[in-house]
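In what follows, a single structure is set out as structure tokens and then discussed.
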Amino acid sequence: METNPEIVGTESELEGRSLSLFPYSESVGEEPEKVRIFVLDAQPLLRQGISTYLNSQPDMMVCGEAGSVADARRKIAECQPQFVVTALRLGAGDSLKLIKELKNQNPGLCVLVYSAFEENIFAERAIRAGASGYVMKQAASEKLATAVREIMKGGIYVSRELALSAFRKSLQRHRKDNHTLRSGNRLEELSNREMHIFQLLGSGLGTKQIAASLDLSVKTIESHRENIKHKLRLRSSGEVRERATKWVEQNLSREDHIFRRGGSPTEVLSVAPVTTET
């Protein structure tokens, strides 16, 4: 799951925090408006227990319940909730598909998924479907109310453990990306002359043509090509040419790297500067 790299802090600082995306404020002293919640679960006892708990909160009221996706579609249309609390799997129904459907119909509808399935595997799927939070069924009951309130503020709610795990994964990806970037930027280690020869190799010129165009000996060009091979950590001259060709294709327009047909090698249309470095 994609996470916000700007969320930082120590593990103790992240305790009990959710991933809040938008600022929210309440007027001091005002009675909170009750959030209309719809509860969806195939197990009647669990569904009733959740409804009873949510109704006990001063800022929440359950406006409807359903035990199946088919029932939910009809009843949600009737009671027009602001919030849906749903189990992840509902018999033959697909709750993720239902979430997508509900969000398409009403983008402002908030959805919280609760499930016994592993959060680190299924929370991302639920949020991609359109949910704004994920709570494990094993979590303390107050986590459910906390999640509802946080989501109503415009946040995304997941457990502290998942938030920390996602943050660590983000750091690991960042390190890998930096390593890849550094590997890809070994071209920066080439001298101006080497970079120019690299470009000409990628443009299709042979060693003798490059030597003639730069007024250097074939032996000097071969020496530069060997240096390029070592700096780019390539195994052969063939790999150097292949890498150079890909670089030219990716970085230069066709007009920048072709050379005129029928012309002499000195008529190469070069973008990289020709230097006097040898």
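Hydrogens, waters and symmetry mates are skipped; everything else that's a heavy atom, side chains included, is used. Only a predicted model underlies this, so the values are computations on that prediction, with no experimental measurement involved.
- Tyr134 contributes no side-chain N or O that, together with a main-chain N or O of Tyr157, makes up a donor-acceptor pair within less than 3.5 Å.
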Let me see the working for Thr220 and Ser217 under side chain to side chain donor-acceptor pair (under 3.5 Å), right down to the final yes or no. CA-CA 5 Å; Thr220 299; Ser217 68; 2.8 Å; yes

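- Taking all atoms of both residues into account, the shortest heavy-atom contact from Val113 to Ala126 is CG2-CB, 4.0 Å.
- Side-chain contact between Val84 and Leu112 is absent, with no heavy atoms from C-beta onward closer than 4.5 Å.
- Every residue two or more places apart in sequence or in another chain that forms a salt bridge (charged side-chain N to carboxylate O under 4.0 Å, His left out) with Lys229 is listed here: Glu226.
- Phe198 has its side chain out of reach of Arg225: every pair of non-hydrogen atoms, C-beta onward, lies at least 4.5 Å apart.
- Ionic pairing of Arg73 and Glu101 is present here: one or more N-O contacts between side-chain nitrogen and carboxylate oxygen are shorter than 4.0 angstrom.
- In terms of modelled atom types and a separation under 3.5 Å, the side chain of Lys75 and the main chain of Glu65 share a donor-acceptor contact.
- The CG atom of Leu216 sits 12.0 Å away from the OG1 atom of Thr207 when rounded to the nearest 0.5 Å.
- At least one side-chain heavy atom of Met152 sits less than 4.5 Å from a side-chain heavy atom of Cys110.
- Put simply, the side chain of Glu239 gets close to the backbone of Arg235: a donor and an acceptor are under 3.5 Å apart.
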Kindly determine whether Glu33 and Asp59 satisfy side-chain contact (heavy atoms from CB on, under 4.5 Å), including the steps that lead there. CA-CA 6 Å; Glu33 184 179 348; Asp59 53 346; over 6 Å; no

Would Glu78 and Phe38 count as a side-chain contact (heavy atoms from CB on, under 4.5 Å) if you check the C-alpha gap in whole Å, the side-chain angles of each, and the deciding distance to 0.1 Å? CA-CA 11 Å; Glu78 290 173 359; Phe38 189 92; over 6 Å; no

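- Side chains of Leu102 and Ile76 form a contact here, defined as non-hydrogen atoms less than 4.5 Å apart.
- By the 4.5 Å heavy-atom criterion applied to side chains, Asn55 and Met60 are not counted as neighbours.
- For the pair Glu242 and Lys246, the salt-bridge criterion is met [side-chain N within less than 4.0 Å of a carboxylate O].
- Across Val135 and Ala147, no two heavy atoms sit closer than the pair CG2-CB, 3.8 Å.
- In this structure, Leu40 and Ser68 approach most closely via the heavy-atom pair CD1-O, 3.5 Å.
- Asp41 places none of its side-chain heavy atoms less than 4.5 Å from the side chain of Thr86.
- In terms of the salt bridge (charged side-chain N to carboxylate O under 4.0 Å, His left out) criterion, Arg36 has no residue partners (sequence neighbours excluded).
- Of all non-hydrogen atoms in Lys100 and Ala129, the two that sit nearest each other are CG-O, 3.3 Å.
- Under the 4.0 Å criterion applied to side-chain N and carboxylate O atoms, Lys231 and Glu189 are not assigned as salt-bridge partners.
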After noting the C-alpha distance and the side-chain angles of Leu200 and Leu214, does the key distance pass the side-chain contact (heavy atoms from CB on, under 4.5 Å) rule? CA-CA 10 Å; Leu200 297 178; Leu214 299 182; 4.3 Å; yes

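- Side-chain contact between Val39 and Ser51: present, with at least one pair of heavy atoms (C-beta onward) separated by less than 4.5 Å.
- Closest approach of Arg47 and Ala66 over heavy atoms only: CD-O, 3.2 Å.
- From Ile99, atom CD1 reaches atom CG of Asn104 across 12.0 Å, with rounding to the nearest 0.5 Å.
- Considering only heavy atoms from C-beta on, Val111 stays 4.5 Å or farther from Ser132 through its side chain.
- Rounded to the nearest 0.5 angstrom, Phe83 CZ and Ile151 CD1 are separated by 4.0 Å.
- Cluster annotation: Val62 and Leu46 are assigned to the same hydrophobic cluster (Ile/Leu/Val/Met/Phe/Trp/Tyr, side-chain heavy-atom contacts under 4.5 Å, transitive).
- The minimum heavy-atom distance linking Pro44 with Ala42 is given by the pair CD-O, 3.3 Å.
- Of the inter-residue distances, the one linking Ile210 atom CD1 with Gln199 atom CD reads 10.0 Å to the nearest 0.5 angstrom.
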Set out, in order, the CA-CA distance, both residues' side-chain angles and the distance that settles side-chain contact (heavy atoms from CB on, under 4.5 Å) for Met136 and Lys143, then state yes or no. CA-CA 9 Å; Met136 294 290 291; Lys143 296 291 185 182; over 6 Å; no

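- Residue Ile228 holds its CD1 atom at 10.0 Å from OG of Ser223, rounded to the nearest 0.5 Å.
- Between the side chain of Gln209 and the backbone N or O of Gly206, at least one donor-acceptor pair lies under 3.5 Å.
- Other residues, nucleotides and ligands contribute at most 12 non-hydrogen atoms within 6.0 Å of the NZ atom of Lys97.
- Note that CD1 of Ile197 and OG of Ser191 are 7.5 Å apart. Values are rounded to the nearest 0.5 Å.
- Taking 4.0 Å as the cut-off between side-chain N and carboxylate O, Arg128 and Glu124 count as a salt-bridged pair.
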